[in-house]
Protein chains: 2
Amino acid sequence: MEQPRDMASKLSEQGYRLTPQRLMILSAIDNSDNHISADEIYAQIVAKYPNVNISTVYRTLELLKRLGLVTETDLGEGRVRYHPAVKGHHHHLLCQGCGAIIDLDEPLLASLKNTLLREYNFLPDLRHLAILGRCLKCS
Amino acid sequence: MEQPRDMASKLSEQGYRLTPQRLMILSAIDNSDNHISADEIYAQIVAKYPNVNISTVYRTLELLKRLGLVTETDLGEGRVRYHPAVKGHHHHLLCQGCGAIIDLDEPLLASLKNTLLREYNFLPDLRHLAILGRCLKCS
DNA sequence: CTTGTATTTGCAACCAGTTTCAATAAAAAT
DNA sequence: ATTTTTATTGAAACTGGTTGCAAATACAAG
Ligand SMILES: [Mn+2]
Ligand SMILES: [Mn+2]
Ligand SMILES: [Zn+2]
Ligand SMILES: [Zn+2]
């Protein structure tokens with residue numbers, strides 16, 4: 001529930017510094033209900049702290065991804081969106097014809113995950129995928 | 001076997017013009033054994049036809065993708081690679097730790113494909129995927 | 001072979017994201 | 001509280017890829 005604090009403490013536990021920029025980025029991610037983009041995070045922060053740079057936003061998102069605190073998904077908009085990892089795992093089916101997005105529960109990929117682990121010794125990162133294709137009426 | 005001709009006739013059947021640029025792009029894709037990038041296609045063409053523009057290469061690749069003649073895959077290099085669709089379907093497991101690439105046969109995703117079709121009325125495009133994750137020694 | 005027209009191209013500007021580097025500042029040490 | 005160390009930042013340049021537009025050209029029709 002108290003998510004930005006959780007993410008912040010994980011950062012400092014791992015030896016990363018808690019700068020004001022990072023804290024603002026964390027709360028922007030956490031306060032957004034839906035998936036948020038780098039632009040949207042930046043716009044929100046620059047309003048209060050005008051000399052923050054967009055590259056700091058990208059660098060922080062990269063770090064949070066690496067630590068597994070946020071997931072990144074390409075929903076085919078020409079930009080990528082972010083989601084706090086703790087807010088639940090799910091996937092999206094994205095129709096290339098009409099742009100429709102169908103949400104998908106996580107367990108659907110569990111058997112694929114097990115197969116890859118068992119037969120290929122590979123642990124796939126299947127936390128927030130977008131699977132491209134065509135919906136019924138577009139195929 | 002005579003692949004560039006096949007791709008070319010499909011283009012003109014669909015009403016697209018057979019420009020010298022398009023023909024050179026088609027044969028660059030077909031003559032490459034492995035996956036080829038836009039840069040590599042461009043470099044190969046510009047040697048003989050110096051005023052060809054890179055945006056024509058990107059536009060043609062976009063068209064070939066849309067017509068299903070080539071598949072595109074992001075192998076995590078910061079650039080994307082292309083493959084003629086007829087040269088067989090397969091997938092790649094990409095380790096985010098050490099960069100190892102494990103090849104994967106197509107049938108592994110058949111049951112996922114069926115499930116999505118049956119339960120979600122969605123026909124996924126699973127012709128050439130890269131699945132990110134960690135190999136045994138990196139996880 | 002010419003003409004007409006719709007498609008395609010080259011070019012330049014643009015967009016999301018990354019990288020290099022010197023200046024800044026968080027946190028550790030004194 | 002001051003100094004030192006090291007991570008982090010802002011700024012600017014850069015990368016892969018896309019887009020708007022006017023000039024060029026493939027191809028169909030005469
Ligand atoms: Mn989501
Ligand atoms: Mn491949
Ligand atoms: Zn659709
Ligand atoms: Zn590995």
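Excluded from the calculations below are hydrogen atoms, water molecules and symmetry mates; all remaining heavy atoms, backbone and side chain alike, are included. Chain letters run A, B, ... following the sequence lines, proteins first and then strands; every chain starts at 1.
- Straight-line distance from the CZ atom of B:Arg81 to the P atom of D:dG17: 10 Å, rounded to whole Å.
- Cluster membership check: B:Leu112 shares its hydrophobic cluster with A:Leu129, using side-chain heavy-atom separations under 4.5 Å among Ile, Leu, Val, Met, Phe, Trp and Tyr.
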Per-nucleotide protein contact string for nucleotides 24-30 of chain C (B base, S sugar-phosphate only, - none; heavy atom under 4.0 Å):
-BBS---
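- C:dA16 atom P lies 16 Å from atom NZ of A:Lys65, rounded to whole Å.
- Atom CG of A:Asp39 and atom P of C:dT18 are 13 Å apart (whole Å).
- In this structure A:Arg22 satisfies the side chain to side chain contact (heavy atoms under 4.5 Å, CB included) test together with A:Leu11, A:Tyr16, A:Arg17, A:Thr19, A:Thr60, A:Leu63, sequence neighbours excluded.
- Considering only side-chain atoms of A:Gln21, the nucleotide from C:dA16, D:dT9, D:dG17 that sits closest is D:dT9.
- Residue pairs meeting the salt bridge (charged side-chain N to carboxylate O under 4.0 Å, His left out) criterion with at least one member in residues 123-136 of chain B, sequence neighbours excluded, are B:Asp125-B:Arg127.
- The nearest whole Å value for the distance from the CG atom in B:Asp74 to the P atom in C:dG17 is 13 Å.
- B:His92 and B:Asp103 share a side-chain donor-acceptor pair at under 3.5 Å.
- For the pair B:Arg22 and C:dT8, the criterion of a side-chain N or O lying under 4.0 Å from OP1 or OP2 is met.
- If you find the closest nucleotide of DNA chain D to A:Gly15 and to B:Tyr82, the one lying nearer the 5' end belongs to A:Gly15.
- Checked options A:Glu106, A:His128, A:His83; the residue passing with A:His89 is A:Glu106 (criterion: side-chain hydrogen bond (donor to acceptor under 3.5 Å, both in side chains)).
- Here B:Ile41 pairs with B:Ile25, B:Ala28, B:Ile29, B:Ile36, B:Ile45, B:Val57, B:Leu61 under the side chain to side chain contact (heavy atoms under 4.5 Å, CB included) rule; sequence neighbours left out.
- For the pair A:Arg79 CZ and D:dT19 P, the interatomic distance rounds to 12 Å; values are reported in whole Å.
- For the pair B:Glu72 CD and D:dG17 C1', the interatomic distance rounds to 10 Å; values are reported in whole Å.
- Sorted by residue number, the members of residues 50-61 of chain B with any non-hydrogen atom under 4.0 Å from DNA chain D read B:Ser55, B:Tyr58, B:Arg59.
- Using modelled atom types, one finds a donor on one side chain and an acceptor on the other under 3.5 Å when comparing B:Ser55 with B:Asn53.
- Residue B:Met24 contributes atom CE, which lies 17 Å from atom C1' of C:dT8 at whole-angstrom precision.
- Nearest heavy-atom pair, A:Gly76 versus A:Leu94, reported as atom, atom and distance to 0.1 Å: N-CD2, 3.9 Å.
- To the nearest angstrom, C1' of D:dT8 lies 15 Å from CD of A:Glu62.
- With sequence neighbours left out, the salt bridge (charged side-chain N to carboxylate O under 4.0 Å, His left out) criterion links B:Glu62 to B:Lys65.
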